[in-house]
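Note that these values count all heavy atoms, side chains included, but never hydrogens, waters or copies made by symmetry.
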Amino acid sequence: MQRLEHLDKQLVDELAQVARETVRDELREQARGQRRRAALYAGSGAAALYAGAAVALAVGLALALVLPGWAAALITAVILGALAHALRAAARPTASGTVPAQATAPGGAQATAPGGRSAPVPPVPSAPPTAGVVPPRPDSDPDAPRHRD
């Protein structure tokens with residue numbers, strides 16, 4: 001009987017070892033593919049960064065043909081800043097129930113965030129919330145302890 005228990009334990013140990021090796025090999029293969037994909041994305045991002053810099057340089061040089069160099073550089077910087085702002089605004093998640101950015105606080109005052117920007121203020125409800133509030137019974141004593149029925 002003990003011999004069978006020993007064989008069962010040995011079989012379970014071997015099966016566990018094979019399962020661990022199989023899972024380890026599978027994870028290693030998946031990680032290899034993900035590393036390759038991440039390296040390709042990084043290379044793509046670097047190439048796009050340099051392409052954007054070349055376009056910005058070309059715009060600045062084209063403007064420098066008709067304007068002084070400092071003005072061309074300033075205009076190019078403003079264009080890139082506006083593009084960055086538009087891309088950031090497009091990347092922000094929006095929900096159907098969001099408050100517009102120009103919302104005002106109660107009393108007409110505009111809330112300001114750090115940096116002097118205006119911050120959205122949620123609308124103030126016209127009545128206090130009533131969820132979970134149990135109105136008192138007209139025939140009960142308000143100072144008496146309440147018990148759930």
So, taking the atom named CZ in Arg20 and the one named CG in Asp25, what distance separates them when rounded to the nearest 0.5 Å?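 Going from CZ on Arg20 over to CG on Asp25, the span is 13.0 Å.
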
Measure the CZ-CZ distance between Arg28 and Arg24 for me, rounded to the nearest 0.5 Å.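 Rounded to the nearest 0.5 Å, the CZ-CZ separation comes out at 7.0 Å.
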
I need the full list of side-chain hydrogen bond (donor to acceptor under 3.5 Å, both in side chains) pairs touching residues 35-53, with sequence neighbours left out, sorted by first then second residue.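 Pairs touching residues 35-53 that pass the test: none.
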
Tell me, please, which residues at least two apart from Arg32 pass side chain to side chain donor-acceptor pair (under 3.5 Å).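 Side chain to side chain donor-acceptor pair (under 3.5 Å) list for Arg32, sorted by chain: Glu29.
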
Name every donor-acceptor pair, under 3.5 Å, that has one atom in a side chain of residues 62-86 and the other anywhere in the protein, sequence neighbours excluded.
{"residue": "Thr76", "atom": "OG1", "partner": "Ala72", "partner atom": "O", "Å": "2.8"}

Hydrophobic clusters join Ile, Leu, Val, Met, Phe, Trp and Tyr when side-chain heavy atoms are under 4.5 Å apart, directly or via other members; which others share one with [X]?
| X | value |
| --- | --- |
| Val18 | none |
| Leu49 | none |
| Leu15 | Leu11 |
| Leu57 | Leu61 |

Only counting residues at least two apart or in another chain, list the ones meeting side-chain contact (heavy atoms from CB on, under 4.5 Å) with Glu14.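 Applying side-chain contact (heavy atoms from CB on, under 4.5 Å) to Glu14 gives Gln10.
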
Going by side-chain contact (heavy atoms from CB on, under 4.5 Å), name the residues that satisfy it together with Glu26, two or more places apart in sequence or in a different chain.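 In terms of side-chain contact (heavy atoms from CB on, under 4.5 Å), with neighbours along the sequence ignored, Glu26 is linked to Gln30.
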
I'd like to know whether Val12 forms a side-chain contact (heavy atoms from CB on, under 4.5 Å) with Lys9, so could you lay out the CA-CA distance, the side-chain angles of the two residues, the decisive distance to 0.1 Å, and finally the verdict. CA-CA 5 Å; Val12 168; Lys9 182 170 177 18; 5.7 Å; no

